[in-house]
A.B. asks: 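Okay, here's the structure, questions in a sec.
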Amino acid sequence: MSKVVKLKRGLDIKLNGEVGNTVNSVGNCSLYAIKPTDFRALIPRLVVKAGDQVKAGEVLFINKYKPEIKFTAPVSGTIESINRGERRKLLEVVIKADNEIQYKDFGAADVNKLSREEIIERLLDSGIWPMLRQRPYDIIANPQDTPKAVFVSGFDSAPLAPDYEITLAHDLEALQAGIDCLKKLSNKNVNLNLRANTPSSSVFSKLKNVEVNYFEGPHPAGNVGIQIHHLNPINKGDIVWVINAMDLAIMGRLFTSGKYDARKTIALAGSEVKAPCYYQVITGAQIGSIVNGKLKNEVEERIISGNVLTGYKVDTNSYLGFYHNMITVIPEGREYEFMGWATLGCKKFSMSKTFPSFLTPNKKYTLNANYHGEERAFVVSGQYEKVLPMDILPVYLLKAILAGDLDKMEQLGMYEIAPEDLALCEFVCTSKIPVQSIVEQGIELMMKELS
Amino acid sequence: MNFLRNYLDKQKPKFEKGGKFEKLHSVFTGFESFLFVPNRTTSSGCNIRDAVDLKRTMIIVVIALIPALLFGMYNVGYQHFKAIGALADTGFFELFFYGLWKVLPMIIVSYVVGLGIEFAAAQIRGHEINEGFLVSGLLIPMVMPVNAPLWMIAVSTAFAVIIGKEIFGGTGMNIWNPALLARAFFFFSYPSMISGDKVWIAGMPDGFSQATPLAEAALGTPLNYDMCSMFWGFIPGSVGETSTFCILIGALILIATGIGSWKIMLSTFVGGFLMAFLLQNVLPETNPYVVSGMTPLMHLVAGGFAFGAVFMATDPVTSAQTERGKWIYGFLIGVMAILIRMLNPGYPEGMMLAILLLNTFAPLIDWFVVQGNIKRRLKRAKAA
C-alpha cells in the first residue's frame, strides 16, 4: 500500500557545479579521522593513544555514559595523532592508514537467522551503531529502545546532492541485508521513501520486505524528518530510528562480508570544482586527498563537508564528516558590495520576489557564503512557512526555544524537527536569524531537562 | 567605489571601542552597511544565504509608496490652485513643484527626528541601526494634512518612535504601527489641525474652507465629488491617502514582490465592503452617510481606507503573523473601520483607530491559531 505524498512547500536552490555521472577513485589517501564532534551530545572517552595499531573496525573511543556505543576505525593503521581543541575537547582521532586495509573479522552471517540481540551486539562492536539515529533530537539511537518504526530516505533533495542511484548502484545485496537488519531491530516496521516516479530499474525498487512510499516536491522532500511527519508523526514519547541510505549499505556489508567496510561513493560538487563527479572514498578521509588538484582556485574558496545548507566549513587538512556523502566547494564571498541591497541583482538568488531570480526558475546560480545583510529581529512573517512542508509554526517554535519554554516547545512540535529540516528557513530568512543553531539549542535544552 | 571603501576602512578604527568617536559607532556602522553590504560570511548553519535582507525589503515598500507620494505632491498643488481659482492657467509642473515645496519639509522633519532618535537609541543599547524607520519616516508625512505645522509633526514622530517603538525594543518588537501612532498622537493632541475644513489645502485664501469628502458625508451634506474623482484622488485629504489608483499601484508592487500580504489587503477590503453594505441597509435613513449618498464602494476609496489597508495594515511586525490569522485580522480591520465611521459621525476617519485596535488584538488572533495547531498535535497523539 504505497502512498504518494505531494509536497508543495519547499525550495530547490539550483546551483552551478552539478555532479556528473562518472565515478572516479581518489589517488592516495593516507590520513583518516573520526571526529567526536560529528555526533550530537556525545561525551567521548578515548581508548587508544598515539602510536597504537588498529584494524578497521577496532575501537577508537566510546560514549562515556553509554560505553556499549563504540566508535571504530574505518581503516587499519597507526594512530597518527589525537587532536584536541580548547579545554582539551577531543576533536579528531587521526589514523595513518596501512597500504592494505586489515579488517577485524566480525563474521559474515545471514541476518534473518540472527536474533535481535545478536544483531545489536554486532552493530555495537563494529562501530556501525552510531549510523542509526533516533528522532526526536537526531542523536545516536539507544540500543535499549525499540523504535515504533525505522525510516530510510532513498533520495537526497538538497542542493547538488549525490544521486543514490549512482552511489549505491552496486550495493543491492548490502542494502537488502541492511533492510533485513532494520526489520529485526524495529519489529518489522521499516519505511523506505523514494522520489515519486522512481523507475523500476532503480536499485531501491528491487528491495524486498520493506514498505515503500513516494514523495514528490522540492527540497526538503528528501529529508527523513519531513517524511516521518507525513507518514508516522512523532508524538510525545515516540521513538523513530533513521539511517542514511549510504550508511545502510555499510551496515548491510557487515553481515554479508563480516567486515566494517566503510567505503562509500561521495559527490564532489559546487561551482568551484573543475569537473564535478563522484569519488570512491572511505569514511573520514582527509579532505585534501579528495579535492587537491580538482578545484579551480580562482577565488577564495569555501570547502564544505556535506551540502551547502547543513554541512560545515572544512579545510584541506580536515576530514570528511561521519554522516556526510558529499563535499561542496563554493566561493567564500568575503567582499563588500557597494549598495548591494539597491542593485537589480540579476546574478543573485532569492526566494522572495524582490530580486528578478523568480522570473527565471530554471537558471542556475553561483552562490557564495556571504550573509547578504545583517542580523535583525524577526520582522517578515510567513516566510519560513513557505519552505517548511510540515504542520508546524516555525517562528512560534523558535521563539519558544529562545524563551526556554519547554511546554510550548513540546506542544509546538519540537520532537518532530531536526536542524536540517529547518535549514531552508535559515536560508530564506530576511533577518538572517541563525535558525539551525536555535534548534540545536532547543534540542540540548530538552535533553537536559527531560532526561 | 574602491576609494570610498578604502576611506571607510581607514575611518573604521576611530569608531570602534577605544576610538575617538566611539560614541558614534552605531551611526558609523549604519552608514557603512547602507553603502556597502558587509563582507561577513557564514560561520554556522547554512553556508549560503538568500540575497534578500531587511534593507531590500524596506526599499521595496518605499518604492511602492512613491506613486502615492508623487500624486500627493501634485494634488497639494492642484487643490491650492483650485481653491484660489487659478487652476486653468497653471501648468502641471507648477502644480507639482508647489506641492513638492510643501511636502518636502514634512518628509525631512519626519526623517531627521525619527532617525535621530533611532540612532541615539541604537547607540545606547549597543545595537545596530534598524531599517524600519525608512518606511515609517515616509508614511508619517503621508498621513498628515498638508497644513500640519512642522513642529507638531516633529513631536508626533518623536512620540511614535520613543513610546511606540524604542521602549519595546526597536524594530520588530513594537505593538502598534509607528506611523499610525504618530497620527493618533497628532489627532488627539491637536485635533483642530487634523480635522475640520481649514487644514487640507495649502495656502488657502481667507474665508475659504474645504472639508474632505468624508467629513462632508459625515455631516450628511450631499457629496461634492463623484466616485471617479475620489478614485483618482483629486480630492482634499491627507497628503498620500487621496488617490486610490496610486495606492493600488503600490499594492501591486507589494503583492508582486511578496512583501505585503495580499491576504490582509484583500480581507480588509472585503470586510469594509460587507460592513458598509450591511450598515447601509440596516441603518435608519437619517444616518448622514445614507443621506449624503455614500455607496459601499465609495467608502473604500474615501479617506484613509485604501491607504491604511495597503500600507498600514500589512506592516508585518504589528499585523497577525499566522497565515490564518491574517485573514481574520484584515477582515476585522475593514469591519471596524466602517463601523466606527458610520456609527460615530463625529469621527469619520475610522481606519486609523481600527488598525491600531487590531494591532492590539493581533497577538490574540495568533494565539487562537497557535492553539489550533497545538490541539491538532494533541489529537493526533491520542488517535495514535
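Residue numbers begin at 1 in each chain, while the letters A, B, ... track the order of the sequences. We use all heavy atoms of the structure for the numbers below, so side chains are in, but hydrogens, waters and symmetry mates are not.
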A.B. asks: For B:Ile59, is it the side chain, the backbone, both, or neither that has a heavy atom closer than 4.5 Å to a heavy atom of chain A?
C.D. replies: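 Side chain of B:Ile59 only, per the 4.5 Å heavy-atom cut-off to chain A.
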A.B. asks: Just give me the residue among A:Phe355, A:Tyr336, A:Tyr312 that pairs up with chain B most often, heavy atom to heavy atom, under 4.5 Å.
C.D. replies: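 Greatest number of close heavy-atom pairs with chain B: A:Tyr336.
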A.B. asks: So which part of A:Ser437 gets closer than 4.5 Å to some heavy atom of chain B, the side chain, the backbone, both or neither?
C.D. replies: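 Just the side chain, heavy atoms under 4.5 Å.
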A.B. asks: For A:Asp391, which atoms come within 4.5 Å of any heavy atom of chain B: side chain, backbone, both, or neither?
C.D. replies: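 When you check distances to chain B, atoms from both the backbone and side chain of A:Asp391 fall under 4.5 Å.
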A.B. asks: If we only count heavy atoms from C-beta on, is the B:Ile259 to B:Val61 side-chain gap below 4.5 Å?
C.D. replies: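 Yes, their side chains come closer than 4.5 Å.
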A.B. asks: Indicate the atoms forming the closest heavy-atom contact of A:Gly413 with A:Ile392, along with that distance.
C.D. replies: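 Nearest pair, atom of A:Gly413 first, then A:Ile392: O-CD1, 3.8 Å.
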A.B. asks: Please work out whether the ring planes of B:Phe133 and B:Tyr111 are parallel, tilted or perpendicular, with thresholds of 30° and 60°.
C.D. replies: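 Perpendicular.
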A.B. asks: Contact part of B:Thr42 toward chain A, heavy-atom cut-off under 4.5 Å: side chain, backbone, both or neither?
C.D. replies: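 For B:Thr42, backbone and side chain are both near chain A.
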A.B. asks: For A:His324 and A:Ser305, indicate whether the former's side chain and the latter's backbone hold a donor-acceptor pair under 3.5 Å.
C.D. replies: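 Yes; judged by distance alone, with no hydrogens or angles, the pair exists.
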A.B. asks: Between B:Arg40 and A:Glu375, does at least one N-O distance fall below 4.0 Å, as a salt bridge requires?
C.D. replies: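 The answer is yes: the pair qualifies as a salt bridge.
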A.B. asks: Below 4.0 angstrom, N of the basic side chain to O of the carboxylate: do B:Arg5 and A:Glu337 qualify?
C.D. replies: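 The answer is no: the pair does not qualify as a salt bridge.
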A.B. asks: Quick check for you: among A:Lys313, A:Met351, A:Lys432, A:Lys348, which has the greatest number of heavy-atom pairs under 4.5 Å with chain B?
C.D. replies: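 Most pairs with chain B among the choices: A:Lys432.
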A.B. asks: Measuring heavy-atom distances to chain B, does A:Glu426 have an atom under 4.5 Å in its side chain, in its backbone, in both, or in neither?
C.D. replies: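 Both parts, backbone and side chain.
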A.B. asks: Yes or no on side-chain hydrogen bond (donor to acceptor under 3.5 Å, both in side chains) for A:Arg302 and B:Asn47, after CA distance, side-chain angles and deciding distance?
C.D. replies: CA-CA 9 Å; A:Arg302 164 172 298 213; B:Asn47 288 279; 2.9 Å; yes
A.B. asks: For A:Asn232, which atoms come within 4.5 Å of any heavy atom of chain B: side chain, backbone, both, or neither?
C.D. replies: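 A:Asn232 has no heavy atom closer than 4.5 Å to chain B.
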A.B. asks: Relative to chain B, which segment of A:Glu420 carries a heavy atom at a distance below 4.5 Å: side chain, backbone, both, or neither?
C.D. replies: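 Contact with chain B is absent: no heavy atom of A:Glu420 under 4.5 Å.
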A.B. asks: Given heavy-atom pairs under 4.5 angstrom as the criterion, report whether the side chain, backbone, both or neither of B:Lys326 touches chain A.
C.D. replies: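 B:Lys326 touches chain A through side-chain heavy atoms alone.
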A.B. asks: Tell me, side chain or backbone of A:Ile13 under 4.5 Å from chain B's heavy atoms, or both, or neither?
C.D. replies: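 Side chain only.
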A.B. asks: Pick one of side chain, backbone, both or neither for A:Phe378, based on which atoms fall under 4.5 Å of a heavy atom in chain B.
C.D. replies: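 It is the backbone, since no side chain atom gets that close.
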A.B. asks: Let's test your reading of the structure: which of A:Arg376, A:Arg334, A:Met339 forms the most heavy-atom pairs below 4.5 Å with chain B?
C.D. replies: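 Among the listed options, the one with the most contacts to chain B is A:Arg376.
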A.B. asks: Run A:Phe349 and A:Phe358 through side chain to side chain contact (heavy atoms under 4.5 Å, CB included) and show every step you take.
C.D. replies: CA-CA 8 Å; A:Phe349 177 78; A:Phe358 76 97; over 6 Å; no
A.B. asks: Considering only heavy atoms and a distance below 4.5 Å, find which of B:Met173, B:Glu131, B:His127 pairs most often with chain A.
C.D. replies: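 Most heavy-atom pairs within the cutoff with chain A belong to B:Glu131.
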A.B. asks: For a quick test of reading the model, state the closest non-hydrogen atom pair linking B:Leu358 to B:Leu332 and the distance between them.
C.D. replies: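 Heavy-atom minimum between the residues: CD1-CB, 3.8 Å.
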A.B. asks: Apply side chain to side chain contact (heavy atoms under 4.5 Å, CB included) to A:Tyr365 and A:Thr360, showing your working.
C.D. replies: CA-CA 11 Å; A:Tyr365 294 84; A:Thr360 51; 3.4 Å; yes
A.B. asks: Please evaluate residues B:Ser33 and A:Glu374 with respect to the criterion side-chain hydrogen bond (donor to acceptor under 3.5 Å, both in side chains), reporting the C-alpha separation (whole Å), side-chain torsions for both, the decisive distance (0.1 Å), and the verdict.
C.D. replies: CA-CA 8 Å; B:Ser33 70; A:Glu374 293 165 296; 3.1 Å; yes
A.B. asks: Is it the case that B:Arg49 and A:Asn370 place a side-chain donor and acceptor less than 3.5 Å from each other?
C.D. replies: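 There is no such pair (donor and acceptor under 3.5 Å, judged by atom type) between the side chains of B:Arg49 and A:Asn370.
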A.B. asks: For B:Leu35, is it the side chain, the backbone, both or neither that has a heavy atom under 4.5 Å from a heavy atom of chain A?
C.D. replies: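 Both the backbone and the side chain of B:Leu35 come within 4.5 Å of chain A.
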A.B. asks: Please determine, among B:Lys375, B:Arg377, B:Arg376, B:Glu128, the option with the most heavy-atom pairs under 4.5 Å with chain A.
C.D. replies: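 Among the listed options, the one with the most contacts to chain A is B:Arg377.
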A.B. asks: Passes side chain to side chain contact (heavy atoms under 4.5 Å, CB included), A:Val308 versus A:Phe427? Steps please.
C.D. replies: CA-CA 10 Å; A:Val308 287; A:Phe427 171 78; over 6 Å; no
A.B. asks: For each of A:Val428, A:Leu367, A:Val435, tally heavy-atom pairs with chain B at distances under 4.5 Å, and name the one with the top tally.
C.D. replies: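 The candidate making the most pairs under 4.5 Å is A:Val428.
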A.B. asks: If you count heavy-atom pairs under 4.5 Å with chain B, which of A:Pro159, A:Gly345, A:Pro233, A:Gly333 comes out on top?
C.D. replies: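 Sorted descending by pairs with chain B, the first entry is A:Pro233.
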A.B. asks: Checking heavy atoms, do the side chain of A:Lys408, its backbone, both or neither come under 4.5 Å from chain B?
C.D. replies: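 Side chain only.
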A.B. asks: Where on A:Leu309 is there a heavy atom nearer than 4.5 Å to chain B: the side chain, the backbone, both, or neither?
C.D. replies: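 It is both, since atoms from each part get that close.
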A.B. asks: If we define contacts as heavy-atom pairs under 4.5 Å, which of B:Ile253, B:Asp366, B:Val369, B:Asp315 has the most with chain A?
C.D. replies: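 Option with the top pair count is B:Asp366.
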A.B. asks: Taking A:Arg135 first and then A:Asp421, would you say they form a salt bridge - that is, a charged N and a carboxylate O separated by under 4.0 Å?
C.D. replies: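 Yes, charged N to carboxylate O under 4.0 Å.
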A.B. asks: If I measure from the heavy atoms of chain A, does B:Glu323 come under 4.5 Å with its side chain, its backbone, both, or neither?
C.D. replies: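 B:Glu323 touches chain A through side-chain heavy atoms alone.
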A.B. asks: Under a 4.0 Å threshold between the charged nitrogen and the carboxylate oxygen, would A:Glu385 count as salt-bridged to A:Arg9?
C.D. replies: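 Salt bridge absent between A:Arg9 and A:Glu385.
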A.B. asks: Non-hydrogen atoms of chain A under 4.5 Å away: do they reach the side chain of B:Ile48, the backbone, both or neither?
C.D. replies: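 Contact with chain A involves both backbone and side-chain atoms of B:Ile48.
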A.B. asks: Would you mind checking which part of B:Ile255 comes under 4.5 Å of any heavy atom in chain A, side chain (CB onward), backbone (N, CA, C, O), both or neither?
C.D. replies: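 It is neither, since no heavy atom gets under 4.5 Å.
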A.B. asks: Among A:Cys429, A:Ala423, A:Ser431, A:Ser381, which residue has the highest count of heavy-atom pairs closer than 4.5 Å to chain B?
C.D. replies: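 Maximum pair count with chain B is reached by A:Ser381.
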